[in-house]
Amino acid sequence: MSKLIDQAYLTLIQYKDSGNLNARLAIHQRFSTNSYGWFNWLFDQLIELPANANVLELGCGNGELWKESASRIPAGWALTLTDLSDGMLDAAWRNLIVIKRGIKFEQVDVQFIPYADKTFDAVIANYMLYHVPDRQKAFSEIRRVLKDDGVLFAATSGVDHLREMYQWVARVNGGKTGEFSLQFTLENGKDQLQEYFPRVELSRYPDGLRVTDVDIILAYIRSMASVDTLSAEEMKRLEVELREKLTKDGVIQISKDAGLFRAMK
């Protein structure tokens with residue numbers, strides 16, 4: 001089984017706490033070319049919701065979306081943040097306790113959502129659906145808990161996201177790029193969603209990375225489930241290559257391809 005959908009690996013190793021996720025967020029926060037910010041853009045997609053919206057986030061991670069957007073959250077919104085990992089829920093609680101909102105935090109498997117039919121105005125799944133072993137079951141559950149006019153906001157990557165990183169890894173790892181073969185991408189996600197939602201729209205977020213710190217790239221790569229078997233020797237070869245590239249070019253450019261599906265019930 002791929003580590004990307006192995007729930008034991010994800011909850012006990014990859015996401016046992018927020019460390020790996022924080023390592024990945026750091027490179028985007030420091031070196032993204034789009035200064036507006038992913039979480040600002042993502043929250044912009046939510047502002048059409050009712051003033052008293054009941055909102056469910058699946059796979060909330062460390063709660064960064066709500067931390068970054070704290071001043072913009074309407075007073076009437078009811079927020080339920082869930083994750084499969086207790087460690088991530090703890091990180092989200094610690095991040096968000098300071099904003100003094102009545103947020104509910106609960107451990108939930110998206111394949112078995114423990115809420116009544118037609119409960120939520122919106123469900124948010126931010127970079128998590130490719131971790132779900134049975135996405136059809138998840139889509140069915142999401143549709144069930146959405147109100148008749150409810151909306152699913154599902155963010156994911158395109159196949160060219162971080163393309164250069166995987167090319168570097170392949171060069172030092174005998175051509176193997178790891179298991180980074182997402183089953184829910186910007187290219188194939190719409191077809192999957194349309195089996196459950198009659199209207200699906202895709203918006204892309206224009207961005208890239210211009211990095212001037214090799215250590216932050218290496219930290220990102222070490223954090224990834226798909227390449228965490230790289231040996232110390234392979235990581236050293238990669239480090240040497242990247243430092244030479246940075247010295248020569250003055251900056252390391254990395255492609256990004258991120259976006260959001262808006263699926264209406």
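Values below: every heavy atom of this structure, side chains too, minus hydrogens, waters and symmetry copies. Residue numbers start at 1 and run along the sequence shown.
- Applying the salt bridge (Lys or Arg N to Asp or Glu O under 4.0 Å) definition to pairs two or more places apart or across chains, those involving residues 116-125 are Asp117-Arg144, Lys118-Asp148, Asp121-Lys147.
- Among residues two or more places apart in sequence or in another chain, the side chain to side chain contact (heavy atoms under 4.5 Å, CB included) test is passed with Lys104 by Thr80, Glu106.
- Between Phe139 and Tyr196, the distance from one ring center to the other falls under 6.0 angstrom.
- Expressed to the nearest 0.5 Å, how far NE2 of His131 lies from CG of Leu129 amounts to 10.0 Å.
- Judged as a salt bridge (Lys or Arg N to Asp or Glu O under 4.0 Å), the pairs with a partner in residues 40-53 (not counting sequence neighbours) are, in order, Asp44-Arg72, Glu48-Arg262.
- Put simply, the side chain of Asp257 does not reach to within 4.5 Å of the side chain of Val159, judged on heavy atoms.
- Taking CG of Asn126 as the start and OG1 of Thr156 as the end, the distance is 9.5 Å to the nearest 0.5 Å.
- Partners of Gln7 according to the side-chain hydrogen bond (donor to acceptor under 3.5 Å, both in side chains) rule, which considers only residues two or more places apart in sequence or in another chain, do not exist here.
- Checked against a 6.0 Å centroid threshold, the rings of Trp38 and Tyr127 count as neighbours.
- If you take CD1 on Ile124 and CG on Leu58, they are separated by 9.0 Å, rounding to the nearest 0.5 Å.
- By the 4.5 Å heavy-atom criterion applied to side chains, Phe105 and Asp86 are not counted as neighbours.
- Annotation: side chain of Gln111 is not in contact with side chain of Glu141 (no heavy-atom distance under 4.5 Å).
- Residues Phe112 and Lys137 have side chains in contact (heavy-atom distance under 4.5 Å, counting atoms from C-beta outward).
- Electrostatic pairing of Lys245 and Glu241 does not count as a salt bridge here, judged by no charged N lying under 4.0 Å from a carboxylate O.
- Between Leu65 atom CG and Leu96 atom CG the span is 9.0 Å, to the nearest 0.5 Å.
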Side chain to side chain donor-acceptor pair (under 3.5 Å) for Tyr9 and Gln14? Distances and angles first, verdict last. CA-CA 6 Å; Tyr9 168 81; Gln14 174 62 209; 3.3 Å; yes
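- Thr33 is linked by a side chain to side chain contact (heavy atoms under 4.5 Å, CB included) to Asp207, Arg210, counting only residues two or more places apart in sequence or in another chain.
- For the pair Leu10 and Leu84, the minimum side-chain heavy-atom distance is 4.5 Å or more.
- Here the side chains of Val251 and Val211 are not in contact, with every heavy-atom distance at 4.5 Å or above.
- Between the side chain of Asn40 and the backbone N or O of Gly37, no donor-acceptor pair lies under 3.5 Å.
- Aromatic ring centroids of Phe120 and Trp77 lie 6.0 Å or more apart.
- The list of salt bridge (Lys or Arg N to Asp or Glu O under 4.0 Å) pairs with a residue in residues 18-40, not counting sequence neighbours, reads Arg30-Asp213.
- Remark: Arg171 does not engage Glu164 in a salt bridge, criterion side-chain N to carboxylate O under 4.0 Å.
- Asp83 contributes atom CG, which lies 11.0 Å from atom OG of Ser18 (distance to the nearest 0.5 angstrom).
- Between Tyr205 and Trp41, the distance separating the two ring centers is shorter than 6.0 angstrom.
- Annotation: Arg101, atom CZ; neighbour count of heavy atoms from other residues, nucleotides and ligands within 6.0 Å is above 12.
- For the pair Arg243 and Glu239, the salt-bridge criterion is met [side-chain N within less than 4.0 Å of a carboxylate O].
- Side-chain contact check for Lys256 versus His28: some heavy-atom pair is nearer than 4.5 Å.
- With no hydrogens or angles considered, a side-chain donor-acceptor pair links Glu187 and Thr185 at under 3.5 Å.
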